[in-house]
Amino acid sequence: AVIRFFFKRVSSIRVGFTCFAANTATSSFSLRSFCLFLLFVVIFIQILIVNSFEFGTRQHAEQGYAPAQCNLGLSYAYGRGIVKDEVAAVEWYRKAVERGYVRAQCNLGEMYADGRGVAKDEAAAVEWYRKSAEQGYARAQCNLGEMYADGRGVTKDETASCRLVL
(Lines give C-alpha, C1' and ligand atoms only; values in the text may rest on other atoms or scores of the structure.)
Protein backbone atom coordinates (compact mmCIF):
# COMPACT_ATOMS: atom_id res chain seq x y z
CA ALA A 1 0.00 0.00 0.00
CA VAL A 2 2.82 2.39 0.84
CA ILE A 3 4.63 1.62 -2.42
CA ARG A 4 1.44 2.19 -4.39
CA PHE A 5 0.93 5.50 -2.54
CA PHE A 6 4.51 6.54 -3.33
CA PHE A 7 4.24 5.73 -7.04
CA LYS A 8 0.95 7.63 -7.36
CA ARG A 9 2.67 10.70 -5.89
CA VAL A 10 5.73 10.28 -8.12
CA SER A 11 3.41 10.17 -11.15
CA SER A 12 1.90 13.47 -10.00
CA ILE A 13 5.33 15.05 -9.83
CA ARG A 14 6.20 13.71 -13.28
CA VAL A 15 3.02 15.29 -14.70
CA GLY A 16 3.80 18.56 -12.92
CA PHE A 17 7.36 18.54 -14.20
CA THR A 18 6.18 17.79 -17.75
CA CYS A 19 3.82 20.78 -17.59
CA PHE A 20 6.66 22.92 -16.25
CA ALA A 21 9.03 21.75 -18.99
CA ALA A 22 6.37 22.48 -21.63
CA ASN A 23 5.99 26.02 -20.27
CA THR A 24 9.73 26.62 -20.38
CA ALA A 25 9.86 25.56 -24.02
CA THR A 26 7.37 28.24 -25.00
CA SER A 27 7.83 31.95 -24.79
CA SER A 28 5.04 32.21 -22.17
CA PHE A 29 7.30 30.93 -19.38
CA SER A 30 7.22 33.18 -16.36
CA LEU A 31 8.63 33.31 -12.89
CA ARG A 32 5.09 32.78 -11.63
CA SER A 33 4.79 29.34 -13.26
CA PHE A 34 8.20 28.36 -11.89
CA CYS A 35 7.17 29.40 -8.36
CA LEU A 36 3.91 27.47 -8.65
CA PHE A 37 5.84 24.39 -9.73
CA LEU A 38 8.19 24.71 -6.74
CA LEU A 39 5.24 25.15 -4.42
CA PHE A 40 3.69 21.99 -5.85
CA VAL A 41 6.91 20.04 -5.24
CA VAL A 42 7.26 21.31 -1.66
CA ILE A 43 3.67 20.41 -0.80
CA PHE A 44 4.11 16.97 -2.33
CA ILE A 45 7.27 16.32 -0.33
CA GLN A 46 5.56 17.40 2.91
CA ILE A 47 2.62 15.06 2.26
CA LEU A 48 4.97 12.21 1.47
CA ILE A 49 7.07 12.78 4.60
CA VAL A 50 4.06 13.03 6.93
CA ASN A 51 2.42 9.91 5.50
CA SER A 52 5.60 7.85 5.53
CA PHE A 53 6.45 9.03 9.07
CA GLU A 54 3.03 8.11 10.42
CA PHE A 55 3.05 4.74 8.66
CA GLY A 56 6.59 3.88 9.70
CA THR A 57 6.16 5.08 13.27
CA ARG A 58 2.89 3.22 13.79
CA GLN A 59 4.32 0.04 12.29
CA HIS A 60 7.37 0.13 14.56
CA ALA A 61 5.28 1.14 17.59
CA GLU A 62 2.93 -1.79 17.09
CA GLN A 63 5.97 -4.07 16.91
CA GLY A 64 6.97 -2.87 20.38
CA TYR A 65 9.79 -0.42 19.61
CA ALA A 66 9.69 1.97 22.59
CA PRO A 67 11.08 5.12 20.87
CA ALA A 68 8.45 4.75 18.12
CA GLN A 69 5.74 4.25 20.76
CA CYS A 70 6.85 7.46 22.48
CA ASN A 71 6.99 9.35 19.15
CA LEU A 72 3.52 8.14 18.26
CA GLY A 73 2.37 9.36 21.67
CA LEU A 74 3.89 12.77 20.89
CA SER A 75 2.13 12.80 17.52
CA TYR A 76 -1.21 12.13 19.20
CA ALA A 77 -0.55 14.60 22.04
CA TYR A 78 0.15 17.51 19.69
CA GLY A 79 -1.73 16.46 16.55
CA ARG A 80 1.40 16.14 14.41
CA GLY A 81 0.47 14.30 11.24
CA ILE A 82 -2.62 12.74 12.83
CA VAL A 83 -5.72 13.91 14.66
CA LYS A 84 -4.96 15.14 18.18
CA ASP A 85 -6.04 12.54 20.76
CA GLU A 86 -4.56 12.97 24.22
CA VAL A 87 -6.06 9.72 25.56
CA ALA A 88 -4.34 7.77 22.78
CA ALA A 89 -1.13 9.68 23.57
CA VAL A 90 -1.26 8.49 27.17
CA GLU A 91 -1.84 4.90 26.00
CA TRP A 92 1.23 5.00 23.73
CA TYR A 93 3.34 6.61 26.47
CA ARG A 94 2.31 3.81 28.85
CA LYS A 95 3.38 1.18 26.31
CA ALA A 96 6.79 2.85 25.99
CA VAL A 97 7.05 3.15 29.79
CA GLU A 98 6.43 -0.60 30.12
CA ARG A 99 9.58 -1.05 28.03
CA GLY A 100 11.51 1.31 30.33
CA TYR A 101 11.78 4.25 27.95
CA VAL A 102 12.89 7.27 30.01
CA ARG A 103 11.53 9.98 27.72
CA ALA A 104 8.06 8.41 27.83
CA GLN A 105 8.15 8.46 31.64
CA CYS A 106 8.75 12.21 31.57
CA ASN A 107 6.07 12.76 28.91
CA LEU A 108 3.59 10.75 30.95
CA GLY A 109 4.45 12.91 33.96
CA GLU A 110 3.66 16.00 31.91
CA MET A 111 0.30 14.57 30.91
CA TYR A 112 -0.55 13.96 34.58
CA ALA A 113 0.74 17.40 35.63
CA ASP A 114 -1.42 19.17 33.05
CA GLY A 115 -4.42 16.80 33.19
CA ARG A 116 -4.17 16.01 29.49
CA GLY A 117 -5.65 12.64 28.52
CA VAL A 118 -5.89 11.66 32.20
CA ALA A 119 -7.27 13.24 35.37
CA LYS A 120 -4.89 15.88 36.74
CA ASP A 121 -2.75 14.21 39.41
CA GLU A 122 0.33 16.13 40.46
CA ALA A 123 1.51 13.38 42.85
CA ALA A 124 1.53 10.89 39.96
CA ALA A 125 3.35 13.47 37.82
CA VAL A 126 6.04 13.78 40.49
CA GLU A 127 6.49 10.00 40.58
CA TRP A 128 6.89 9.76 36.80
CA TYR A 129 9.30 12.70 36.80
CA ARG A 130 11.26 11.09 39.64
CA LYS A 131 11.56 7.75 37.81
CA SER A 132 12.82 9.51 34.71
CA ALA A 133 15.09 11.92 36.62
CA GLU A 134 16.74 9.07 38.54
CA GLN A 135 17.84 7.68 35.19
CA GLY A 136 19.49 10.99 34.27
CA TYR A 137 16.88 12.49 31.95
CA ALA A 138 17.53 16.26 32.17
CA ARG A 139 14.04 17.47 31.23
CA ALA A 140 12.52 15.29 33.95
CA GLN A 141 15.03 16.66 36.47
CA CYS A 142 13.98 20.20 35.53
CA ASN A 143 10.28 19.38 35.72
CA LEU A 144 10.73 17.66 39.09
CA GLY A 145 12.68 20.67 40.34
CA GLU A 146 9.84 22.96 39.31
CA MET A 147 7.36 20.73 41.14
CA TYR A 148 9.47 21.00 44.32
CA ALA A 149 9.86 24.78 43.87
CA ASP A 150 6.09 25.29 43.50
CA GLY A 151 5.06 22.63 46.04
CA ARG A 152 2.94 20.85 43.43
CA GLY A 153 2.40 17.17 44.26
CA VAL A 154 5.14 17.32 46.94
CA THR A 155 6.02 19.42 49.95
CA LYS A 156 7.68 22.66 48.86
CA ASP A 157 11.46 22.23 49.10
CA GLU A 158 13.65 24.89 47.51
CA THR A 159 16.86 23.02 48.37
CA ALA A 160 15.73 19.92 46.48
CA SER A 161 14.53 22.14 43.66
CA CYS A 162 17.93 23.84 43.30
CA ARG A 163 19.73 20.49 43.47
CA LEU A 164 17.60 19.14 40.63
CA VAL A 165 17.50 22.20 38.40
CA LEU A 166 21.12 23.29 38.73
Side-chain angles (χ1 to χ4, degrees), residues 1-3 5-6 9-10 13 35-166:
V2 171
I3 293 171
F5 172 82
F6 177 76
R9 299 309 185 258
V10 169
I13 282 186
C35 290
L36 287 173
F37 172 72
L38 286 180
L39 179 64
F40 172 77
V41 170
V42 168
I43 290 171
F44 167 76
I45 290 171
Q46 288 178 341
I47 290 170
L48 186 62
I49 288 171
V50 167
N51 286 330
S52 65
F53 168 77
E54 198 275 329
F55 176 77
T57 301
R58 180 172 301 281
Q59 183 181 23
H60 288 105
E62 289 172 351
Q63 292 173 353
Y65 184 56
Q69 291 172 330
C70 185
N71 286 339
L72 193 56
L74 280 168
S75 295
Y76 274 116
Y78 296 102
R80 294 182 186 153
I82 49 181
V83 177
K84 185 175 180 177
D85 183 352
E86 293 174 342
V87 174
V90 169
E91 291 173 14
W92 282 108
Y93 288 150
R94 286 187 196 282
K95 289 178 183 183
V97 163
E98 289 172 7
R99 298 197 171 274
Y101 195 60
V102 178
R103 184 177 175 196
Q105 292 171 340
C106 182
N107 291 349
L108 191 55
E110 290 173 353
M111 298 299 273
Y112 273 106
D114 299 335
R116 296 175 46 217
V118 291
K120 186 171 183 172
D121 185 351
E122 292 177 341
V126 167
E127 287 308 309
W128 286 115
Y129 289 151
R130 183 173 287 125
K131 288 178 184 181
S132 186
E134 287 172 352
Q135 297 174 64
Y137 192 61
R139 194 172 92 219
Q141 292 168 344
C142 249
N143 290 348
L144 184 58
E146 289 177 8
M147 298 295 272
Y148 273 109
D150 297 338
R152 294 175 43 213
V154 290
T155 305
K156 188 172 183 172
D157 185 350
E158 291 179 6
T159 305
S161 173
C162 288
R163 197 173 51 244
L164 286 161
V165 173
L166 299 176

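Residue indices begin at 1 and follow the sequence shown.
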If you round to the nearest 0.5 Å, how far is [atom2] of [Y] from [atom1] of [X]?
| X | Y | atom1 | atom2 | result |
| --- | --- | --- | --- | --- |
| His60 | Leu72 | NE2 | CG | 12.5 Å |
| Arg99 | Gln69 | CZ | CD | 5.5 Å |
| Arg130 | Leu164 | CZ | CG | 8.5 Å |
| Trp92 | Leu74 | CH2 | CG | 13.0 Å |
| Tyr137 | Arg103 | OH | CZ | 5.0 Å |
| Asp157 | Ser161 | CG | OG | 8.0 Å |

Item to check | Closest heavy-atom pair and its distance - Ala77, Ala89 | outcome: N-CB, 3.6 Å
Next on the checklist: Could you report the tightest heavy-atom contact between Ala133 and Ala140, atom names first, then the distance?
Outcome noted: N-CB, 3.7 Å
Item to check | Cationic N near anionic O, under 4.0 Å, Glu146 to Arg152 | outcome: no
Checklist entry - Does the distance from a Lys or Arg side-chain N to an Asp or Glu carboxylate O, for Glu91 and Arg94, drop under 4.0 Å? => result no
Next on the checklist: Please determine whether side-chain contact (heavy atoms from CB on, under 4.5 Å) holds for the pair Val87 and Met111, giving the CA-CA distance in whole Å, both sets of side-chain angles, and the decisive distance to 0.1 Å.
Outcome noted: CA-CA 10 Å; Val87 174; Met111 298 299 273; over 6 Å; no
Item to check | Heavy-atom neighbours of Tyr65 OH exceed 12 at 6.0 Å | outcome: no
Checklist entry - Does atom CD of Gln135 have more than 12 heavy-atom neighbours, drawn from other residues, nucleotides or ligands, at distances under 6.0 Å? => result yes
Checklist entry - Would Cys70 and Asn107 satisfy side-chain contact (heavy atoms from CB on, under 4.5 Å), going step by step from the backbone distance to the final call? => result CA-CA 8 Å; Cys70 185; Asn107 291 349; 3.4 Å; yes
Checklist entry - Do we get Arg116 above Tyr78's six-membered ring, with its NZ or CZ under 6.0 Å from the centre and within 45° of the axis? => result yes
Item to check | Derivation of the side-chain contact (heavy atoms from CB on, under 4.5 Å) call for Tyr112 and Val90 | outcome: CA-CA 9 Å; Tyr112 273 106; Val90 169; 5.7 Å; no
Checklist entry - Run the side-chain contact (heavy atoms from CB on, under 4.5 Å) check on Leu144 and Val165 step by step: do they pass? => result CA-CA 8 Å; Leu144 184 58; Val165 173; over 6 Å; no
